[in-house]
Amino acid sequence: MTVYDDLGVRTLINAKGTATRLSGGIMRPEVSAAMVAASQACVDIAELQAAASRIISEATGAEAGYVASGASACLLLGAAACITGLDPGRMARLPDAAGMKNECVMVRSQRNFYDHAIRAAGLRIIEVGLPDRYAGAGVRDAEGWEIDDAITDRTACVFYVADAQARPPLADVTAVAHARGVPVLVDAAAQLPPQSNLRRFIAEGADLVAFSGGKALGGPQASGILAGRRDLVMAAALQHLDLDIFWDMWSPPPTLIDKYRLKGAPAHGIGRSCKAGKEEIVGLLTALRLFIAEGDAARHARWLKDCETVAAALDGFLVTITGSNDTGAVPIVEITLDPEQMSPTELCLRLQTGEPAVVLDPGQRDKGIVTVNPMCLRPGEAQVTGEQIARVLREL
Ligand SMILES: *Cc1c(COP(=O)(O)O)cnc(C)c1O
C-alpha cells in the first residue's frame, strides 16, 4: 500500500511535465535518500545555507547562492533584498516599502502570474514597452531606452523573465540598468535545460537569478535556487533565516552573512514564510550535482527514448517529436488529432479520468494538438501513456 492509497488519493501518470498542480516530478532515489539522511541529524541552518551558497556558486558562476521553498520564494527574497539592502530597519518594515526604493521596472510583455512574488515583497511594477508583435499589429517590443526612461531614484530593480522570446536581450537590459546603478533580478524558474543556462544569466550580467528546484533539476518540489551578488544574497538570507538570536552569541558563516556590515540584528523578515528545511536544502544540492553530472546529452537521450516509446504505441496516428535533435531542449511528443474524430479537450479529459489516470498537456488544443512531456514519467509509464492514448483514440 502506497502512502497515497492510505490517504485515499489516486496517483497519476504525469505526462504533462513538472506542473505544481500535478505535484511536480519524480525525484531520483539518491535525492530521496539524501533527504532522509538529512532528516536524521540537526545542523545550524545558516551553516547549511553557507555550504549551499558555495555549491550554487560553483554551479552558476555567481558570487553566492541560497535555497528557499521554490523559485517564486526566491523571487520574493530577491525583490526584498533589492528594496532593503542590508538595512535591518527597512527589512522590518516590509512589505510596507513607503519611503524606500519600492518600484521595479518590468517589460510589459513579460508580466505573468508569478510576478505576485515580487509584489508581495512590497514592489510596485512599472510596466514599459508596447509589445505590438503579440497583437499582430507590428514587430516591436520594449527597448532598452524605455527601461532607462522608467528608472528613477525609486527603482529598486529591473525584473526580467528569461525566455527564448524575451525582449530586449538580457545583456542589453543589464547594461542599461547597471549604467543607472540598478540591479537586475531574473526569473529563470523553468529555463533548464540547457544546463549552460545555470551560468548564462549571471554571465549576461544578472545580479540575482531564481531557478526552480522541482522542475528539470529534479530536486524537491518545494525548493528553489537564488544565485547572485554576495551582498544581495546576504540581504535575502537575513530576511529568510530564523533570527531569534542574541547579537553577541550570533556567529553566522561570514561567507553568507558578514554581521559586521549590519547596524544590528534584523528581526524575522518577510521571507520567513518561504522556509526551506534541511531536507529540502540537502535534496536540492544532491539533485543539482546529479543534474550537472548527467549532462544535457544523456538527459536528452533518456527523455527521447520515452518519447519514441509513446510515438511507437501511436503508430498510425499523426505524431511528431519536437526537439529531437536539440540536446538542450526537452523533446516533446505532439499528437495532431483529426477534428472530425476527437477534440484535444475530450482526449485529455478521458485520459485524466481513466484508470490509470494519465494527464496530458492541452496547451496547444487550439491547434488541434495534444502533447506528451517525458520529464515526469517513471520507468514503464511511457508505454502505458502511449497505449492509453491509442486505446481512447481507437475506441471512437
Ligand atoms: C514555475 C515557475 C515559477 C515558480 O517556480 P516554483 O519553483 O514553483 O516556485 C516562477 N516563474 C516561472 C516563469 C515559472 O515557470
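The chain is numbered in sequence order, starting from 1. Everything numeric here is computed off the predicted structure, so don't read it as measured data. As the structure lists them, so they are numbered: ligands from 1, and atoms in each ligand from 1.
- Under the 30°/60° scheme for interplanar angles, the aromatic rings of Trp247 and Tyr260 are found to stand perpendicular.
- Between Arg299 and Gln195, the side chains place a donor N or O and an acceptor N or O closer than 3.5 Å (distance only, hydrogens not considered).
- Here Leu351 contributes atom CG and Thr385 contributes atom OG1; the two are 8.5 Å apart, rounded to the nearest 0.5 Å.
- Cluster partners of Phe246, by chain and number: Met249. The rule joins Ile, Leu, Val, Met, Phe, Trp and Tyr whenever side-chain heavy atoms lie under 4.5 Å apart.
- At a threshold of 4.5 Å between non-hydrogen side-chain atoms, the residues Tyr66 and Leu241 count as touching.
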For ligand 1, find each of its N or O atoms that sits under 3.5 Å from a protein N or O atom, and tabulate the pairs with distances to one decimal place.
{"unit_1": "ligand 1", "atom_1": "5 (O)", "unit_2": "Ser212", "atom_2": "OG", "d": "3.0"}
{"unit_1": "ligand 1", "atom_1": "7 (O)", "unit_2": "Ala71", "atom_2": "N", "d": "2.8"}
{"unit_1": "ligand 1", "atom_1": "7 (O)", "unit_2": "Ser212", "atom_2": "OG", "d": "2.6"}
{"unit_1": "ligand 1", "atom_1": "9 (O)", "unit_2": "Ala71", "atom_2": "N", "d": "3.1"}
{"unit_1": "ligand 1", "atom_1": "9 (O)", "unit_2": "Ser72", "atom_2": "N", "d": "2.9"}
{"unit_1": "ligand 1", "atom_1": "11 (N)", "unit_2": "Asp187", "atom_2": "OD1", "d": "3.2"}
{"unit_1": "ligand 1", "atom_1": "11 (N)", "unit_2": "Asp187", "atom_2": "OD2", "d": "2.7"}
{"unit_1": "ligand 1", "atom_1": "15 (O)", "unit_2": "Lys215", "atom_2": "NZ", "d": "2.7"}

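- Distance check: Gln221 CD to Ser69 OG gives 11.0 Å after rounding to the nearest 0.5 Å.
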